[in-house]
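So the structure is just underneath, and the comments pick up after that.
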Amino acid sequence: QVHLVESGRGLVQAGGSLRLSCAASGRTFSNYAVGWFRQTPGKEREFVAAITGSGGGTGSVNGRFTISRDNAKSTVYLQMSSLKAEDTAVYYCAGETAADGALFTTTRQYTYWGQGTQVTVSS
């Protein structure tokens, strides 16, 4: 089992940047594929980015968001740039045990979730 905690919540102006962190505790972190999702009121949680256990593979919904990880620190990052008002949401990180190379992009594929962190982009 792994426990995930997001940080980096904030209010930022449109066009600005923000970095979110997802710190893990528990089992060997490199055994976990990790993803970032976001959710706004009344909508389903949507995929943002994902990364394999070793960090060698990544996926993102757009070029403005970059996911990375530091397994020595058991932390995954989401660097967001050129933020828009529509990026306002609660952002969640999620983890799932997986063989290296696995990249998961749906909520159903993840067992472990953080509590979420609010990102607000003002226009």
What residues, two or more places apart in sequence or in another chain, satisfy side-chain hydrogen bond (donor to acceptor under 3.5 Å, both in side chains) together with Tyr91?
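Once residues adjacent in sequence are excluded, the partners of Tyr91 under the side-chain hydrogen bond (donor to acceptor under 3.5 Å, both in side chains) criterion are Arg38.
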
Return the set of residues passing side-chain hydrogen bond (donor to acceptor under 3.5 Å, both in side chains) with Asn71 (not counting sequence neighbours), or none when no residue passes.
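Only Arg69 meet the side-chain hydrogen bond (donor to acceptor under 3.5 Å, both in side chains) criterion with Asn71.
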
Mind checking whether [X] and [Y] have side chains closer than 4.5 Å, heavy atoms only?
X	Y	result
Gln115	Glu6	yes
Thr58	Thr52	no
Tyr92	Leu4	no
Leu11	Gln118	no
Phe104	Tyr110	yes

In terms of hydrophobic clustering (I, L, V, M, F, W, Y; side-chain heavy atoms under 4.5 Å; direct or indirect links), are Val12 and Trp36 co-clustered?
yes

Is Val90 reachable from Val61 through a run of I, L, V, M, F, W or Y residues, each pair having side-chain heavy atoms under 4.5 Å apart?
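Yes, Val61 connects to Val90 through the hydrophobic network.
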
Donor-acceptor check, side chain of Ser54 to backbone of Gly56, threshold 3.5 angstrom: yes or no?
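Pair found, side chain donor or acceptor close to backbone of Gly56.
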
When rounded to the nearest 0.5 angstrom, what distance separates [atom1] in [X] from [atom2] in [Y]?
X	Y	atom1	atom2	value
Thr97	Gln1	OG1	CD	11.5 Å
Leu20	Ile67	CG	CD1	10.5 Å
Thr40	Glu46	OG1	CD	7.0 Å
Thr107	Arg45	OG1	CZ	7.5 Å
Asn62	Arg64	CG	CZ	4.5 Å
Thr66	Leu78	OG1	CG	8.0 Å

Summary of side-chain hydrogen bond (donor to acceptor under 3.5 Å, both in side chains) pairs that have at least one residue in residues 10-19, sequence neighbours excluded
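Every pair satisfying side-chain hydrogen bond (donor to acceptor under 3.5 Å, both in side chains) with a residue in residues 10-19: there are none.
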
Could you note down all residue pairs passing side-chain hydrogen bond (donor to acceptor under 3.5 Å, both in side chains) where residues 74-86 supplies at least one of them, sequence neighbours left out?
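side-chain hydrogen bond (donor to acceptor under 3.5 Å, both in side chains) check on residues 74-86 returns no pairs.
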
If you compare all heavy atoms of Ala102 against all heavy atoms of Ala33, which two are closest, and at what distance to 0.1 Å?
O-CB, 3.7 Å

The criterion is ring-ring contact (aromatic ring centres under 6.0 Å, His included); which residues satisfy it with Phe47, sequence neighbours excluded?
Phe37

Can you say whether the rings of Tyr32 and Phe29 are parallel (under 30°), tilted (30 to 60°) or perpendicular (over 60°)?
parallel

Go through the steps to decide whether Asp87 and Val119 satisfy the test side-chain contact (heavy atoms from CB on, under 4.5 Å), and finish with yes or no.
CA-CA 8 Å; Asp87 294 321; Val119 172; 5.7 Å; no

What disulfide bond (SG atoms under 2.5 Å apart) pairs are there with at least one residue in residues 15-123, not counting sequence neighbours?
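For residues 15-123, and leaving out neighbouring residues, the disulfide bond (SG atoms under 2.5 Å apart) pairs sorted by first residue read Cys22-Cys93.
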
